[in-house]
Visitor: 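First the structure, which I've put down as structure tokens, then a few questions once you've had a look.
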Amino acid sequence: MDGVVLEKVAICEFSTYRWSFFEDVIRYSTLGFDSIGIWRQKLDDFGIEAAIDVLLETNMKVSSLHWAGGFTGDGQTMDEAVSDASDAIQDACRLEADCLIIHPGSRNHHTFKNTHKLLRLAMNRVIPIAQDYGVKLVVEPFFHSSGSRMTFINHLDEVAEILDQYSPHDLGLVLDLYHAGFDSEVFEALPDLIDRIDLVQVADRRLAEFECQPLKADQSHRIVMGSGDISLTRWIQSLQELGYRGRYEVELHGTPVVSMDYFELLEDVRTFFSCPEIQSALAVKSIA
């Protein structure tokens with residue numbers, strides 16, 4: 001597979017936690033990946049000017065910037081969270097990122113109604129800034145997770161309620177197959193969601209672990225694609241048939257991969273996306 005460029009396949013920097021930003025970009029590019037999901041902590045450590053330079057030198061695209069949010073009061077005020085989101089939007093613009101991921105924050109002892117009100121208040125302030133900079137905002141639900149500090153959005157009806165309040169140009173959706181991969185309701189809803197999906201994140205998990213702990217707040221069961229039980233080929237083929245043409249961003253972290261050699265991990269990712277079955281799924285054209 002030497003020299004193979006895996007177009008539209010991105011690696012999120014969470015996947016190579018111990019590497020620096022520079023190591024991530026150079027090594028992802030060398031291994032044939034054309035895009036990167038940037039973690040803001042690594043970006044801050046490296047510096048955005050230097051980051052822009054190395055991205056240009058390697059012709060590496062930015063699939064996403066992780067992340068802004070925390071609007072429900074998780075250790076910061078609303079004003080602080082909006083100010084941080086403004087900074088992230090400006091960085092996403094300079095990086096020419098496909099999107100900036102929004103995690104609104106946990107329920108944080110608020111009522112269901114109040115969490116949605118807080119998100120609405122925040123987005124009414126943040127969306128005009130994103131519009132000014134030409135940055136797409138996307139929200140990521142954690143289906144079947146509870147107690148997460150990242151987001152209170154964990155049901156399909158909540159996703160629909162939030163998206164319906166905003167234009168597709170202003171707010172899109174991240175579909176993380178780690179969270180949604182065993183959810184037949186989400187799969188059946190893809191035709192209604194497809195116009196809002198701007199990024200698909202990919203990881204695998206085992207069905208037995210999902211059934212034992214479907215509401216586990218952390219994401220410690222993420223494993224390399226093809227090592228679990230999610231029907232990833234089916235998901236990718238359906239997404240392609242419905243007209244999805246965005247990137248597939250690999251996000252691997254947690255106990256199963258923390259001790260892996262990162263070169264081995266990325267080779268496993270290359271093997272998965274290079275196999276005929278997945279290449280065939282990626283080549284599927286829209287039936288619409």
Side-chain angles (χ1 to χ4, degrees), residues 10 12-14 21 35-53 55-56 61-108 110 114-142 148-153 158-176 193 195-201 246-247 249:
C12 173
E13 287 190 286
F14 296 154
F21 181 88
S35 45
I36 181 173
I38 292 180
W39 181 15
R40 289 178 68 196
Q41 182 174 320
K42 287 191 179 185
L43 178 67
D44 289 344
D45 289 344
F46 191 64
I48 190 165
E49 300 293 345
I52 291 170
D53 286 344
L55 289 168
L56 286 172
K61 308 296 188 298
V62 179
S63 55
S64 65
L65 182 62
H66 297 245
W67 51 273
F71 302 122
T72 57
D74 297 302
Q76 60 183 347
T77 66
M78 173 72 77
D79 286 345
E80 290 170 337
V82 169
S83 176
D84 179 69
S86 177
D87 291 342
I89 288 167
Q90 293 174 61
D91 286 347
C93 176
R94 298 191 64 195
L95 293 164
E96 299 183 8
D98 290 350
C99 59
L100 169 63
I101 295 176
I102 298 293
H103 291 306
S106 72
R107 197 167 297 280
N108 199 25
H110 296 293
N114 202 41
T115 52
H116 283 260
K117 178 182 177 181
L118 289 170
L119 177 59
R120 213 164 38 245
L121 290 171
M123 297 309 293
N124 288 343
R125 296 172 63 182
V126 171
I127 283 176
I129 302 171
Q131 290 173 333
D132 287 344
Y133 284 92
V135 170
K136 183 63 176 287
L137 304 179
V138 293
V139 65
E140 179 182 358
F142 284 13
S148 171
R149 68 178 182 85
M150 305 291 282
T151 183
F152 63 83
I153 307 169
E158 288 180 309
V159 174
E161 179 180 340
I162 290 165
L163 292 179
D164 285 347
Q165 298 176 53
Y166 302 99
S167 161
H169 299 291
D170 294 331
L171 187 65
L173 178 67
V174 181
L175 178 65
D176 189 332
L193 296 173
D195 290 339
R196 305 302 292 261
I197 298 173
D198 291 283
L199 180 68
V200 175
Q201 292 183 329
R247 301 185 194 279
E249 182 180 280

Visitor: Give a yes or no answer on whether the side chain of Glu158 reaches the backbone of Ile153 with a donor-acceptor pair at less than 3.5 Å.
Guide: no
Visitor: Determine, stepwise, if the pair Arg125 / Asp79 fulfils salt bridge (charged side-chain N to carboxylate O under 4.0 Å, His left out).
Guide: CA-CA 10 Å; Arg125 296 172 63 182; Asp79 286 345; 2.9 Å; yes
Visitor: Given 3.5 Å as the limit, does a donor-acceptor pair link the side chain of Arg40 with the main chain of Trp67, or not?
Guide: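 Looks like yes, one N/O pair under 3.5 Å.
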Visitor: Has the side chain of Ser106 got a donor or acceptor atom that lies under 3.5 Å from a matching backbone atom of Thr151?
Guide: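 Checked: no pair found.
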Visitor: Could you check whether any side-chain heavy atom of Val200 comes within less than 4.5 Å of a side-chain heavy atom of Arg247, counting everything from C-beta outward?
Guide: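 Heavy-atom side-chain distance check fails, nothing below 4.5 Å.
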Visitor: Can Arg120 and Glu161 be counted as an ion pair, charged N to O under 4.0 angstrom?
Guide: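 No, Arg120 and Glu161 are not salt-bridged.
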Visitor: Show the nearest heavy-atom pair for residues Leu65 and Ala92, with the distance to one decimal.
Guide: CD2-N, 3.8 Å
Visitor: For the side chain of Gln76 and the backbone of Gly69, is there at least one donor-acceptor N/O pair under 3.5 Å apart?
Guide: yes
Visitor: Donor-acceptor pair, Arg196 side chain versus Leu163 backbone, under 3.5 Å?
Guide: yes
Visitor: Are any non-hydrogen side-chain atoms of Asp176 and Phe142 less than 4.5 angstrom apart?
Guide: no
Visitor: Looking at every non-hydrogen atom in both residues, tell me the closest pair between Gly172 and Asp198 and how far apart they are.
Guide: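 Result for this residue pair: CA-OD2, 3.3 Å.
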Visitor: Is Asp98 salt-bridged to Lys136, going by a charged N under 4.0 Å from an acidic O?
Guide: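 The answer is no: the pair does not qualify as a salt bridge.
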Visitor: Which one of Ile197, Leu199, Leu193 satisfies the side-chain contact (heavy atoms from CB on, under 4.5 Å) criterion with Leu175?
Guide: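 The option that passes is Ile197.
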Visitor: Closest approach of Phe21 and Glu13, non-hydrogen atoms and distance?
Guide: CD1-OE2, 3.3 Å
Visitor: What closest approach, in Å, do Tyr166 and Ile127 show between heavy atoms, and which atom pair accounts for it?
Guide: CD2-CD1, 3.4 Å
Visitor: How about His66 and Glu140: does a side-chain donor come under 3.5 Å of a side-chain acceptor?
Guide: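 Glu140 and His66 do not have a side-chain donor-acceptor pair below 3.5 Å.
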Visitor: If we only count heavy atoms from C-beta on, is the Ile89 to Leu137 side-chain gap below 4.5 Å?
Guide: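 Yes; the side chains approach each other to less than 4.5 Å.
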Visitor: Can you check whether Leu173 reaches Val159 side chain to side chain, under 4.5 Å on heavy atoms?
Guide: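 Answer yes - side chains close enough.
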Visitor: Considering only heavy atoms from C-beta outward, does the side chain of Pro104 approach that of Val139 to under 4.5 Å?
Guide: yes
Visitor: Between Ser63 and Ile36 (side chain of the first, backbone of the second, donor and acceptor by atom type, cut-off under 3.5 Å), is there such a pair?
Guide: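 The answer is yes, because a donor-acceptor pair under 3.5 Å joins these two groups.
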Visitor: Quick one: closest heavy-atom pair of Cys93 and Val135, and the distance?
Guide: N-CG2, 3.7 Å
